[in-house]
2 protein chains.
Amino acid sequence: MKNIIGREIPDEILKGRKLFQGQFENMDEVVKTTPKIKPIKPDDKKLLNSIEEAIVKSGLKDGMTISFHHHFREGDYILNSVVDAIAKLGIKNLTLASSSLGSVHKPLIEHIKNGVITKITASGLRGALAEAISNGILKEPVIIRSHGGRARAVEAGDIKVDVAFLGAPAADEFGNASGSRGTANCGSLGYAMVDAQYADKVIILTDTIVEFPNMPASINQTYVDYVVKIDSIGDPKGIASGATRYTKNPKELLIAEYARQVITKSPYFKDGFSFQTGTGGSALAVSRFLKDEMMENNIKASFALGGITKPIVEMHEEGLIKHIYDVQDFDLVGVDSIAKNPNHHEIDASFYANPHNKGCIASKLDVVVLSALEIDTDFNVNVITGSEGVLRGASGGHCDTAASAKLSVIVSPLIRGRIPCVVEEVTTVITPGESIDVVVTEAGVAVNPKRTDLIESYKAAGLPLVTIEELKEKAFRIVGVPDKIEFDNQVVAIIEYRDGTVIDVVRKVK
Amino acid sequence: MKNIIGREIPDEILKGRKLFQGQFENMDEVVKTTPKIKPIKPDDKKLLNSIEEAIVKSGLKDGMTISFHHHFREGDYILNSVVDAIAKLGIKNLTLASSSLGSVHKPLIEHIKNGVITKITASGLRGALAEAISNGILKEPVIIRSHGGRARAVEAGDIKVDVAFLGAPAADEFGNASGSRGTANCGSLGYAMVDAQYADKVIILTDTIVEFPNMPASINQTYVDYVVKIDSIGDPKGIASGATRYTKNPKELLIAEYARQVITKSPYFKDGFSFQTGTGGSALAVSRFLKDEMMENNIKASFALGGITKPIVEMHEEGLIKHIYDVQDFDLVGVDSIAKNPNHHEIDASFYANPHNKGCIASKLDVVVLSALEIDTDFNVNVITGSEGVLRGASGGHCDTAASAKLSVIVSPLIRGRIPCVVEEVTTVITPGESIDVVVTEAGVAVNPKRTDLIESYKAAGLPLVTIEELKEKAFRIVGVPDKIEFDNQVVAIIEYRDGTVIDVVRKVK
């Protein structure tokens, strides 16, 4: 069966699943799931001596689902330690529902081979683990979900977490857990907060036990069954990097300059507007350019959203952004800010981007700037598979914010190395073209034809407008038409759209 | 059938209900309920023009359950306005699940007579409405629940709220609602927060629409379906009184002095202890005396809990209390403090006292000081029915904190007017005697015999110890043995213990 954007979805994948029908076509009334709670009496203690004891007390059994968050990113020690301990206890056939997975989680390959982990869902996959999965190591396809889509799935019970193992930089003995006040801080615990609310058993792992009550807490005691003190939750260098340098790359600066104009010449750039910009050279430069223009025009943003970085914090502290909504911090400046700035608000992934609640904050976005691995002539975007067809990225909040924002801007070089970034058809669709308004490259700006209003504005402003087909042709002229990637029939990943429908699949590489 | 404390519960009341078995006997695994959510798209608007429009859009129908909070107390305009509008729309046979009801809600009598409201559950009942209910105006008994018990019931689905009408001092057009930043502020919205999370439809009513985003919000946009701007939510004078004067009544001061010693001579009075004191002359004086002793002994409290008053805020601002957990504010000083003091934390009723979550904050209390209308020789406490047997009080957090705290102290005069406060058997049991450790009167201090440890400490400290029977005898000697109240057979109220079991019933007065 082909879905509405023409992606072929094998029948066996569709059992019990719906085909993607359009960005806001699956918005009927939903029912949330029901965690099972074991009440705690005043005298009960939560502090345990080891991960093993916590696993045993949680009642974890073969076939259950475990979850982790990715706030410690490439510095994470939690996931590997816990899965090692589970393996030693002889528990098998688990579903791993991590909010994302990185290169640091390479040891999972052994646990997949041993049958400890037999299913995975995550926002992204990188490194050796991603490669192994692309090569078909798992019998069941991985389910790739966006950040909002994962929150939706947890709340709906599509992901029913039996035991959540949540690392926290600091916690008290009764489970009040925070991303600050520890030795290896990550700031926001936005992804973990959803699991804490919906998992049957919640275990906090920390290397820093603080005096009761640990307040303000990201995860409060009423959601926590057990607390385990371990030696170290992770490598602070991998958790949050201190360096967020401005790019000096002329191509990135040109893209950022075009993106600035795309934003400031749009009807959305006015006092009280809201925006999200990501990481990466161009996106960070966009924030800087935007800042200058906001100061010149005396424009203040009502809020900035997303993964938070130094430029956003600086604009907040200078009064250019009134509120920061923070689901995760990308650098140490963000981590420090959330602990001290009262209008830097921690939010959970459902508040961030779940399409099935009564209005996530993404839905109030005016402008989002997003990156891409590939964009095709239908404006579909790929941020998950590389040029060899191998999994190497993350869905993240891409399709969530693109669908929600009034102006969705993709910033991308026309080519990377010898690889064209604008193509006839993307390898994998994460975000459907209907969600994308503008594609900005160093070779010009392509506006989605349905946005005739924007085309008029940008023409008047003298922006270098091109069609998306022209961008593709130009890329192909420079590096040639890319060879078609050859895939096997086996589906190694299902790409779930934020509303739970199937937008694409990833097949095994040959 | 008699329950474990000897209260006669008629069989017809027990259908589908369990008898009270002891304060921590009903603590098995529980499942939370599932609200139905209608997702909202980015372009959807929530702001409506009238209460009527909100009622119609909510889909409210005959037989459904509506809820309100009591943060505006005797100044509340919301409940009467909404029920009037419902009546005009011809909707009938509703269950009213308010967190509490007061004298201001007298107009409900007409709506009961008209068949608009046919069932009620609330923490308390006062004034003409309470009298009418005591006289049997409702066919179905009212269910009286504690603050923690109501949160439990909402989360368990025992109260399934179809539409919650939640007044908020300020809100933005997308439903972010707060108890501060309006013209008639109430501070914490702790009771409303639970309804917002579990009701299918949530309507915010406010007289102050503020710029988006209204942050920090007590109730956030993801829980809200509609927002209605009305002329006035209530009378600020009734919402929070500015006056919290210290008592000069010598009897109250003597009780407070004994209570001070009961606390300071206990093993719990040490650095890092936690406490809740209520309102009323003696309780406020206890806070004052405690403060002096804490300063003298260089003792700081880790947290204070409960309905928050001026003395608690002062101790917090002077560094004597590190954290305030606030489910409701009792005066304007509390209201101002929660808006400005970062360690004055707003909490919802479930976090406050729900016995069926993974550890409410009440369960971390060392000391609670509570009042009483009657105490009996089994230490059972009545705070709901007056000397004529008529409903005239509120369950509140009484049984929640008494069960949870390590030291539960009742402060009460021996007699009020010509009425003894220590009796053979209380008219109605809200809190079972097993939860009460000490009863303090001006005529002496009675310790629950099971607390031999406390008796030893207090004896050594020279406290005027008496038995509870001696207190009762003394009261009877002064005012005579009270006449037995005569009741009809009709049950007008079921007293539900915090865990959902039936601890007592209130019968119609003759």
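Computed from a predicted structure; not experimentally measured. First the proteins, then the strands, lettered A, B, ... as listed; each starts at 1.
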Rounded to the nearest 0.5 Å, how far apart are CG of B:Asp348 and CG of A:Asn220?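 Taking CG in B:Asp348 and CG in A:Asn220, the distance rounds to 8.0 Å.
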Heavy-atom pairs under 4.5 Å with chain B - which of [options] has more of them than the others?
| options | result |
| --- | --- |
| A:His356, A:Lys32, A:Met215 | A:Met215 |
| A:Pro35, A:Ala403, A:Pro216 | A:Pro35 |
| A:Asn343, A:Thr222, A:Asp225, A:Asn357 | A:Thr222 |

Side chain, backbone, both or neither: which part of [X] has a non-hydrogen atom closer than 4.5 Å to chain B?
| X | value |
| --- | --- |
| A:Phe351 | both |
| A:Val224 | backbone |
| A:Glu211 | side chain |
| A:Asp43 | neither |
| A:Ser274 | neither |
| A:Phe303 | side chain |
| A:Phe212 | both |
| A:Leu365 | neither |
| A:Lys406 | neither |

Exercise: identify the closest heavy-atom pair between [X] and [Y]:
| X | Y | value |
| --- | --- | --- |
| A:Pro39 | B:Asp28 | CD-O, 3.3 Å |
| A:Met27 | B:Lys38 | O-NZ, 3.0 Å |
| A:Ser363 | B:Pro42 | O-CB, 3.7 Å |

Given A:Pro213, which of B:Lys322, B:Lys364, B:His345, B:His323 fulfils the side chain to side chain contact (heavy atoms under 4.5 Å, CB included) condition?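 That would be B:His323.
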Heavy-atom distance under 4.5 Å between the side chains of A:Val202 and B:Lys358, does that happen here?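 They are in side-chain contact.
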Chain A heavy atoms under 4.5 Å from B:Asp200: which part of the residue, side chain, backbone, both or neither?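 Looking at B:Asp200, just its backbone touches chain A.
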Quick check on B:Glu173: does its CD atom have over 12 non-hydrogen neighbours (other residues, nucleotides or ligands) under 6.0 Å away?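 No, not enclosed.
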Counting only heavy atoms not in A:Lys450, do more than 12 fall under 6.0 Å of its NZ?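 Atom NZ in A:Lys450 is crowded, with more than 12 foreign heavy atoms closer than 6.0 Å.
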Contact leader toward chain A among B:Lys36, B:Lys46, B:Gln23, where contacts are heavy-atom pairs under 4.5 Å: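 Option with the greatest count: B:Lys36.
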